[in-house]
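Worksheet for the structure shown next.
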Amino acid sequence: MKNREAVKSMIQLGLGVVLLVGMWAIIGRLFYPQQTAEDVRAAFVKNNAPLLTQIAENAMDPEKWAGIQDTAEVQSLLKEGNVTAVTGGETCARFELAYDGAPDGRLAILYFPDGQYRFGYDGGWTEEETQGDARRWVGGLAGQGYVNVRPLSGGFFLEEAYLPS
């Protein structure tokens with residue numbers, strides 16, 4: 001008889017521990033939700049917008065970019081954001097990000113001073129309908145590519161492109 005009561009007690013204790021662990025897991029997810037990689041990049045841009053804007057504007061002007069590129073503050077920020085290269089053009093600056101996806105894929109944060117994203121790829125692209133602020137194009141030269149764009153803040157956009165040749 002004592003053994004049955006002991007077994008019953010142990011089972012109740014075990015179920016109580018499982019219930020307690022489950023409750024803490026639920027509470028943890030409510031108060032500390034997991035962030036997606038996109039959320040982390042959006043927070044990076046939002047928290048560092050003034051310096052990222054300066055880096056982008058200087059990248060668009062080669063004379064200015066040469067002076068700021070090697071500063072410790074800029075290098076530290078780029079390393080923090082996993083930025084592998086910064087390039088500038090007439091209308092935008094591109095922060096290339098480390099990308100471990102498909103070999104023909106790339107990931108970048110783009111800065112447009114006027115705050116308007118402009119699609120910059122040649123070939124037969126078609127824009128698809130999306131929900132929210134995100135935009136998506138499919139097609140390209142091989143007909144199997146895609147470009148996904150999500151606005152971040154202050155003229156910055158996250159662009160993921162898969163461009164098979």
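If you read the sequence from its start, that first residue is 1, and numbering goes on from there.
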Distance-minimising heavy-atom pair for [X] and [Y]:
X: Ala42; Y: Arg150; value: CB-NH2, 4.3 Å
X: Met60; Y: Pro113; value: CE-CG, 3.7 Å
X: Ala98; Y: Leu107; value: O-CD2, 4.4 Å
X: Val45; Y: Leu52; value: CA-CD1, 3.8 Å
X: Gly145; Y: Pro164; value: CA-CD, 3.7 Å
X: Leu97; Y: Gly81; value: CD2-O, 3.4 Å

Do the charged groups of Glu159 and Arg94 touch, with an N to O distance under 4.0 Å?
yes

Between Lys46 and Asp39, is the closest basic N to carboxylate O distance under 4.0 Å?
no

Step by step, work out the side chain to side chain donor-acceptor pair (under 3.5 Å) result for Tyr99 and Glu160.
CA-CA 9 Å; Tyr99 185 66; Glu160 178 185 15; 3.0 Å; yes

4.5 Å side-chain heavy-atom contact, Val86 and Glu96
no

Compare all side-chain heavy atoms of Phe95 with those of Thr84 and state whether any distance is below 4.5 angstrom.
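Sidechains of Thr84 and Phe95: no contact.
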
Derivation and outcome, side-chain contact (heavy atoms from CB on, under 4.5 Å), residues Asn48 and Phe44
CA-CA 6 Å; Asn48 299 291; Phe44 170 74; 3.4 Å; yes

With a sphere of 6.0 Å drawn around CG of Asp114, does it hold more than 12 non-hydrogen atoms of other residues, nucleotides or ligands?
yes

Looking at Gln12, I want to see if its CD is surrounded by more than 12 non-hydrogen atoms of other residues, nucleotides or ligands under 6.0 Å.
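Yes, because the 6.0 Å sphere around CD of Gln12 holds more than 12 heavy atoms from other groups.
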
Please write out which residues are connected to Phe112 in a hydrophobic cluster, directly or through intermediates, given that two of Ile, Leu, Val, Met, Phe, Trp, Tyr count as joined at side-chain heavy-atom separations below 4.5 angstrom.
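Its cluster mates, by chain and number, are Leu110, Tyr117, Phe119, Tyr121, Trp125, Trp137, Val147, Val149, Phe157, Leu163.
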
Could you work out, with salt bridge (Lys or Arg N to Asp or Glu O under 4.0 Å) as the rule, every residue matching Arg41, not counting sequence neighbours?
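Not a single residue meets the salt bridge (Lys or Arg N to Asp or Glu O under 4.0 Å) criterion with Arg41.
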
Would you please name every residue forming a side chain to side chain donor-acceptor pair (under 3.5 Å) with [X], sequence neighbours left out?
X: Glu57; answer: Tyr111
X: Arg136; answer: Glu128, Asn148
X: Asp100; answer: none
X: Glu80; answer: none

Assess the residue pair Val83 and Ile109 against the criterion (side-chain contact (heavy atoms from CB on, under 4.5 Å)); give the C-alpha distance rounded to whole Å, side-chain angles, the decisive distance to 0.1 Å, and a yes or no.
CA-CA 9 Å; Val83 176; Ile109 295 173; 5.7 Å; no

Any sub-3.5 Å donor-acceptor pair from Thr53's side-chain atoms to Ala49's backbone N or O?
yes

In Å and rounded to the nearest 0.5 Å, what is the CG to CG distance from Leu78 to Leu51?
8.0 Å

Gap separating the CD atom of Gln54 from the CD atom of Glu73, nearest 0.5 angstrom:
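Here the interatomic distance stands at 10.5 Å.
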
